Structures are given as C-alpha cells and as structure tokens.
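These notes concern the structure reproduced below.
Proteins get letters first, then strands, A, B, ... in listed order; numbering begins at 1 in each. For clarity, every value in this text was computed on a predicted model and none was experimentally measured.
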Protein chains: 2
Amino acid sequence: MKKAPTIRDVAAAANVSVSVVSRVINEGSGPVAPATREKVVATIAELNFRPRAAARELSQGQGLTIGLVLADLTNPFFASLADRVVWEARGRGVQVVLMTTQEDSHVEAQSLATLLDRSVGGVIATPTGGNVDQWKRLQDVGVDVVFVDRSISELENVDVVSIQNNDSAATATEHLLDLGHTRIALISGPSSTSTGRARVDGYRSALERVGVQVDPDLIRGVPFRGDAGADAATALLALPDRPTALVVANTAQVQSTVRRLFQTGVRIPDELSIIVFDDNPWTQLVTPPLSVVRQPIDLLARHSVDLVVGRMGGKLPRQARTVEVQAEFVSRGSCSAPGRVLG
Amino acid sequence: MKKAPTIRDVAAAANVSVSVVSRVINEGSGPVAPATREKVVATIAELNFRPRAAARELSQGQGLTIGLVLADLTNPFFASLADRVVWEARGRGVQVVLMTTQEDSHVEAQSLATLLDRSVGGVIATPTGGNVDQWKRLQDVGVDVVFVDRSISELENVDVVSIQNNDSAATATEHLLDLGHTRIALISGPSSTSTGRARVDGYRSALERVGVQVDPDLIRGVPFRGDAGADAATALLALPDRPTALVVANTAQVQSTVRRLFQTGVRIPDELSIIVFDDNPWTQLVTPPLSVVRQPIDLLARHSVDLVVGRMGGKLPRQARTVEVQAEFVSRGSCSAPGRVLG
DNA sequence: TATAAAAGTGGAACCGTTACCACTTTTGTA
DNA sequence: TACAAAAGTGGTAACGGTTCCACTTTTATA
C-alpha cells in the first residue's frame with residue numbers, strides 16, 4: 001500500500017518547480033517552454049502521477065463534480081436519464097454524485113445539504129416539489145441548478161430542460177380525439193409543478209379546439225410518489241360515465257398505473273385506449289404494445305449537462321435558460337376507436 | 001453569493017480553538033467539556049456551518065465517498081442495484097460517485113483511474129472482465145473493492161457478493177427437466193467470469209443428475225455487451241435439433257434476448273419455454289409473464305455497502321469475503337411441457 | 001496534603017493543489 | 001544598440017480541515 005506521487009515529487013524528478021508542473025497539468029494557465037513541458041509530461045507519465053481531486057477542489061473552491069438528484073432509479077425513465085447524464089458528464093471530464101430522494105422532500109433536503117459540503121459545481125435534478133429555500137441557498141453559494149423533466153414554479157432563475165409539455169399532451173389528446181374518443185382522461189403530475197400544469201393545458205386546449213367539453217373529473221393531477229397513478233386509474237374506471245381513453249402523462253406513475261390496468265383486466269384497447277408518456281423498453285413487449293410519447297432522453301441529458309458544465313466553466317449568460325425539446329408520438333397498438341359502452 | 005463559514009469562523013464565534021471545534025464535529029476524537037461542546041454546537045447551528053468534504057478528504061487522505069461502477073443503467077437490474085446501493089450508502093453517510101462502462105473495458109479503465117484521484121474509500125463494481133492490473137493498483141493504494149453479481153477470477157482478495165449461482169442455475173434447469181424437457185439451452189455470461197462458469201456448472205450438474213446428455217451446442221457463454229444474447233437465441237433456434245427450453249442466465253442480456261424472441265414470433269411457452277435471471281418489473285407485464293430467478297437486489301446492495309463501508313471504517317478482517325445470497329425461483333407462465341417438434 | 005493521572009484546551013504543522021507575484025531571460029522594435 | 005515587452009521560471013501564501021504535541025486545569029489515589 002504505497003502512496004501516490006505528488007506534484008512535488010514530479011517537480012523534483014523533473015528538476016523544475018511545482019509551479020511549472022501545475023501549469024503543465026492545467027494547460028493554458030501560464031507559459032511553459034516546449035522543452036520543459038515535454039520533460040514534465042514524461043516525468044508525469046513515468047511516475048504515474050495524477051493530481052488529487054480533493055486538493056484541487058480545496059484550492060479552487062470547486063471541483064469537477066456535479067450532483068444528480070433523482071427520484072428513484074427503479075423507474076426506467078430516471079434510470080435512462082442517469083445513464084445518459086453520467087455518460088455525457090464523463091465525456092466532459094466531470095464526475096457525477098448520484099442521490100435518490102424516493103420522492104421524499106425531506107430526503108431531498110438532506111441531499112442538497114450534502115451536495116453543498118461537497119462543493120459541487122452544479123446540480124441536475126428532478127425536484128420533488130418543496131425545499132424552495134434549500135434550492136435558493138444552493139444557488140446563493142454559486143451552485144448552478146438545472147431542473148430536468150419537471151420544475152417548480154416558486155423558484156426562479158433556474159435552467160429547465162424538458163420536452164414541450166403543452167404540445168406533447170395536445171398531440172396525444174388529438175390522436176385520441178381523431179379516433180373518435182370524447183371521454184378522454186388525463187393523469188398528470190401535481191399542479192404545483194410547471195410540467196404538470198403545462199400538460200393539463202395542452203390537453204385542455206386540444207379538447208377545446210374541437211369543442212369537446214372539459215370534464216374536471218377526468219383530470220387527475222397526482223403526486224409522483226407511491227401508487228397515486230394506479231389509484232387514479234382505478235377511480236377513473238369506477239366513474240359512472242367511464243372514460244374510453246386515458247393519457248398517463250406523469251412519467252413517475254406510468255409503471256404503477258399500467259400494472260394496475262393489467263391486473264384489473266380492462267381490455268386494451270377495446271375498453272380503454274391508453275397513451276403513456278415516455279418510451280420504456282418494455283412498452284413494446286407488453287400486449288398490446290403501448291402507444292407512447294417518446295421523450296428524447298439523450299437530448300434531455302445532453303442539454304442538462306451542457307448547461308450545468310457551461311455555467312461552471314463560467315461563460316454562459318447568467319440569465320436562466322429554458323430548453324424545450326420536441327417529443328415524438330409513437331403510435332402502437334394501445335389505441336383504437338371507442339367501443340360500445342359496457343354494462 | 002456569500003461564502004460559507006469555516007471552522008475558524010466557528011472557533012472565533014464560540015471563543016474556542018479550532019481544535020475544539022474539530023473534536024466536536026468528529027465525536028470521539030478527543031475530550032471536550034460538556035459546557036464547551038454545547039456552546040460550540042450552538043454556534044455551529046447558528047452559523048449554519050458544515051465542514052467541507054474536500055478539506056477533510058485532503059487532510060485524512062480518504063473521504064466518505066465510494067465509487068459505483070456499473071455497466072449500464074438501461075438494464076433494470078443494474079438500475080435497481082444502483083438505486084439500492086445509493087440508498088444504503090446514504091443511510092451510512094456515504095456518497096456515491098456513479099460511473100458507467102457500457103461494458104467497455106477501456107472505459108472501465110478510465111473510470112478506475114478517475115476513482116483513484118478522487119481518493120474514494122472503496123469501489124463497488126460489476127467488472128467488465130479485463131483491467132486486472134488496474135484493479136490491483138486500486139487495491140494497492142488501499143481502496144477496497146467489492147464485486148457484485150459478477151467477479152473475475154484473475155483477481156484475488158476481492159470481496160464478492162452474488163447469488164448462489166450454481167444452485168440457482170440448477171434449480172431453473174431442474175424445473176424444466178421436471179416439465180419433461182431434455183433439450184434445454186443455456187445462455188450464460190462469458191466463461192472468463194466466475195459467475196458465468198458457476199451457472200454453467202449448476203446447469204450441467206442438474207442435467208447429469210438425471211442422466212441427460214450435455215450438448216455443448218446448447219451452452220452459450222456470451223459477452224455482456226451488445227446483442228450477443230439475442231444473437232445466441234437466434235442461433236439456438238436455427239439449430240437442426242432445436243431446444244425446447246431456454247434459460248437466460250446472463251442478466252445483461254435478458255432484455256435484448258427476450259425482445260428478439262418476441263420479434264421472432266416464437267410461441268412461448270408452446271414452442272419454447274423460457275426462464276430468465278432476474279425479476280424486472282416488466283417480466284410480469286409481458287404475455288406470457290416470465291418465470292424468473294429473482295435476485296434479492298436489496299440484499300446484494302446491502303451486503304456490498306456493508307462490506308465496503310466496513311472495510312473503510314477499518315475493522316473488518318483483511319481476509320476477502322464471499323457473500324452468497326439465495327435467489328428465489330418464481331414460476332409464472334413462460335414454461336410448459338415440451339410441445340411436439342415442429343417442421 | 002502531595003502527587004500522579006486524566007481531562008480539557010490551544011498552537012501549529014500538514015495534506016496536495018492553485019494562483020499570485022517577483023524575478024530572470026528572451027524576443028522584438030525603435 | 002538600447003530598452004520595453006513578453007516569455008519562462010520559482011517562491012510561497014492561501015484553501016479548510018485533522019492531528020499531534022505541549023500546556024494547564026481538574027480529579028483521583030496514596
């Protein structure tokens with residue numbers, strides 16, 4: 001268990017000062033004669049020297065690390081997002097500290113505090129909803145915050161990366177309208193999130209555009225946590241005037257909702273047409289394969305990382321930015337014209 | 001963008017020396033009078049002081065961070081594992097730096113190097129297979145390494161946490177034998193991994209126990225990467241004397257294999273009975289629901305974290321430990337007695 | 001009551017970088 | 001040829017904790 005060489009070891013071995021070595025490591029931080037550089041590079045390779053992240057971080061007050069705060073990796077959407085974020089970050093020499101909140105805002109608060117002592121350069125997160133003060137504090141000390149997929153309205157000056165929520169919901173709704181449905185239900189995120197509201201808006205305007213009355217009973221803004229989506233689905237099916245179609249626009253609730261639907265034995269699409277947000281691997285494997293609104297996860301990840309790394313690098317306007325990427329509607333077998341009303 | 005208070009600020013405000021504050025922070029590192037402690041604690045709360053991780057890490061040479069090196073979060077097995085590991089670590093005050101290798105050993109090598117400069121206390125990984133030297137180096141500098149699910153034989157003195165691979169494969173095979181199958185194929189991990197070999201062994205001995213001839217054509221040790229599993233499945237189906245049952249024991253390849261099977265249109269279980277390793281959420285949603293060998297992911301995670309944190313804490317025997325937890329066979333609809341041979 | 005041991009406290013070196021400044025050597029230009 | 005500007009180099013103070021050691025006060029024991 002020998003210990004690693006330090007910058008001083010390199011300096012000594014190469015017969016230069018530590019300053020020079022530091023300049024070699026951080027290309028562009030000062031002049032170094034070509035011959036000297038070469039010598040130092042060789043020595044570094046020979047000694048297998050790697051600068052210690054902690055020292056660097058301490059000295060410059062901020063390291064090449066970002067925090068990724070997600071709800072729960074059990075959900076394929078978040079999992080894929082994490083996968084892409086880690087990958088994109090890696091390409092930029094940035095490490096990712098992962099934290100999960102399990103949709104619990106108390107846990108989230110703790111995570112933020114931890115991220116603070118780690119002096120991360122930035123945070124990419126799908127916020128649970130509360131903790132406005134903590135988010136503010138994070139920004140106060142200069143940590144850049146990027147929200148992906150969701151965002152909370154109380155917090156201003158945050159970058160947000162998401163799909164065009166309004167349009168996507170509208171497209172899905174229109175698809176069902178075109179098939180002849182009029183009783184279309186919507187399960188969306190909580191209305192405290194901008195995402196949740198935007199999707200409801202898109203749904204609303206699609207209905208209104210063709211003159212279909214909006215029935216508030218058919219709109220469910222459910223929390224991300226727990227089995228709220230499944231329960232909403234059950235409730236919707238129990239309605240006297242049952243919906244013939246359902247859009248599940250709360251990504252966190254898709255899995256539980258679909259499972260419940262399958263368990264209940266509703267015939268899809270005969271009894272109920274469904275469209276879910278986000279294209280997971282399994283949406284094609286089930287019977288019937290699900291029509292989905294596919295979120296371009298790779299783009300979401302790329303933009304998030306770009307934003308957070310860009311701001312860390314310093315040269316991005318301080319103005320918060322909202323990036324909206326286009327989602328793609330993929331029609332598969334889970335939608336059809338409405339059947340006769342049962343029983 | 002004000003800056004955070006330091007230990008010296010606290011010391012000044014509380015009228016004590018930094019040493020005392022340090023001792024208060026690190027309970028048990030030295031004596032502090034009750035009254036003093038109380039005063040310091042109050043000051044810390046008042047100033048909202050939190051010790052900076054980087055400084056601590058630099059000074060003691062090792063921080064409360066572990067690396068988690070996984071192949072790919074797109075696979076639900078790894079995703080769930082990550083979810084649980086992060087959670088377990090959090091409970092112990094440890095942060096997790098996540099890296100993905102995409103099953104590329106070159107990427108893995110880079111990740112290990114990075115982990116090295118971050119001076120993590122330990123690493124939990126599903127190794128790709130190569131990089132024996134890098135793993136050794138990591139151990140040399142005192143980083144504890146725990147392999148989960150897979151392990152590589154060239155590396156000794158590593159903790160390994162996995163299911164009872166031999167038994168699990170045997171159980172699955174026996175289940176198929178009991179149904180009357182004799183031509184049972186196996187897709188397992190590469191034989192360079194102990195996991196891959198153990199599963200083949202289990203399969204073998206199950207067959208031999210009942211006197212069924214082992215046909216090497218039916219055993220495929222495929223790499224974790226790419227569509228190797230799917231291709232193996234295709235190849236198996238093209239065999240003159242086609243198998244009537246298949247065990248997919250390479251977790252990384254389950255998804256791609258099953259997808260291919262569905263696309264091909266093989267009738268399950270009529271034409272082919274299948275059992276896959278690991279119980280993902282979607283295995284119940286497909287038709288027919290898949291019989292699986294369920295890995296207790298939470299246990300795998302817990303033990304891994306326990307091991308790595310335990311060693312960091314210092315007081316675990318230096319002897320490497322192998323933890324094997326029991327997997328559970330869950331019978332669902334994807335297996336039946338062999339049908340007549342087609343064509 | 002003397003005296004050794006334990007408890008409590010403070011000072012300062014150290015961990016491995018970066019960054020600023022001072023200094024020397026080139027190089028370019030009038 | 002003289003002299004200013006630029007290039008190259010080294011010294012050293014931060015950064016914010018931990019830890020060892022020395023010192024002063026208690027407390028316990030003979």
Side-chain angles (χ1 to χ4, degrees), chain A residues 2-41 43-44 47-65 116-121 141-142 314, chain B residues 2-41 43-44 47-65 116-121 141-142 314:
Chain A
K2 62 231 169 189
K3 71 187 207 306
T6 76
I7 199 174
R8 278 177 244 274
D9 297 330
V10 176
N15 252 306
V16 293
S17 72
V18 291
S19 316
V20 172
V21 180
S22 177
R23 277 183 225 120
V24 171
I25 300 171
N26 310 46
E27 191 104 14
S29 65
V32 180
T36 315
R37 153 163 288 120
E38 199 178 339
K39 188 172 49 177
V40 172
V41 168
T43 313
I44 288 178
L47 265 54
N48 204 353
F49 164 77
R50 313 207 79 214
R52 287 200 41 189
R56 191 174 270 191
E57 193 171 315
L58 178 57
S59 169
Q60 23 179 58
Q62 174 172 112
L64 290 154
T65 309
L116 218 47
D117 356 302
R118 307 266 333 198
S119 40
V120 294
V141 301
Chain B
K2 62 231 167 188
K3 68 186 210 308
T6 75
I7 197 174
R8 281 175 239 274
D9 297 330
V10 176
N15 253 306
V16 294
S17 72
V18 292
S19 318
V20 173
V21 180
S22 177
R23 277 183 225 119
V24 171
I25 301 171
N26 311 49
E27 191 102 14
S29 64
V32 179
T36 315
R37 152 163 288 121
E38 198 178 339
K39 187 172 49 176
V40 172
V41 168
T43 312
I44 288 179
L47 266 53
N48 204 353
F49 165 77
R50 314 206 80 214
R52 289 201 40 190
R56 191 174 268 186
E57 196 168 299
L58 177 58
S59 148
Q60 26 177 58
Q62 174 171 112
L64 290 154
T65 309
L116 217 48
D117 0 297
R118 306 258 343 190
S119 40
V120 294
V141 301

Roughly how far, to the nearest 0.5 Å, is CG of A:Asn26 from CD of A:Gln60?
7.0 Å
According to side chain to side chain donor-acceptor pair (under 3.5 Å), who are the partners of B:Arg8, at least two apart in sequence or on a separate chain?
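For B:Arg8, no residue satisfies side chain to side chain donor-acceptor pair (under 3.5 Å) once neighbours in sequence are set aside.
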Base, sugar-phosphate or nothing for B:Thr36? Non-hydrogen atoms, less than 4.0 Å.
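Touches sugar-phosphate only.
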Return the set of residues passing side-chain contact (heavy atoms from CB on, under 4.5 Å) with [X] (not counting sequence neighbours), or none when no residue passes.
X       : value
B:Asp9  : B:Pro5, B:Thr6, B:Leu47
A:Ala54 : A:Arg52, B:Glu57, B:Leu58
B:Ile7  : B:Val18, B:Val21, B:Ser22, B:Ile25, B:Phe49
A:Thr36 : A:Val16, A:Val20, A:Val32, A:Ala33, A:Val40

Between its two end axes (five pairs each) the helix from C:dT1-D:dA30 to C:dA30-D:dT1 turns, nearest 10 degrees, through 30°
Summarise protein proximity over nucleotides 11-17 of chain C in one line of letters, 5' to 3': B for base, S for sugar-phosphate only, - for none, counting protein heavy atoms closer than 4.0 Å.
BB--BBB
Which nucleotide of DNA chain D is the first, and which the last, in the 5' to 3' direction, to come under 4.0 Å of a heavy atom belonging to chain B?
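It runs D:dG16 to D:dT19.
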Residue list, salt bridge (Lys or Arg N to Asp or Glu O under 4.0 Å) with B:Arg50, at least two apart or on another chain
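Once residues adjacent in sequence are excluded, the partners of B:Arg50 under the salt bridge (Lys or Arg N to Asp or Glu O under 4.0 Å) criterion are A:Asp117.
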Which pair of non-hydrogen atoms, one from B:Ser119 and one from B:Gly61, has the smallest distance, and what is that distance?
CB-O, 3.9 Å
Is there any salt bridge (charged side-chain N to carboxylate O under 4.0 Å, His left out) pair reaching into residues 11-39 of chain B, and which pairs are they, with sequence neighbours excluded?
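Pairs touching residues 11-39 of chain B that pass the test: none.
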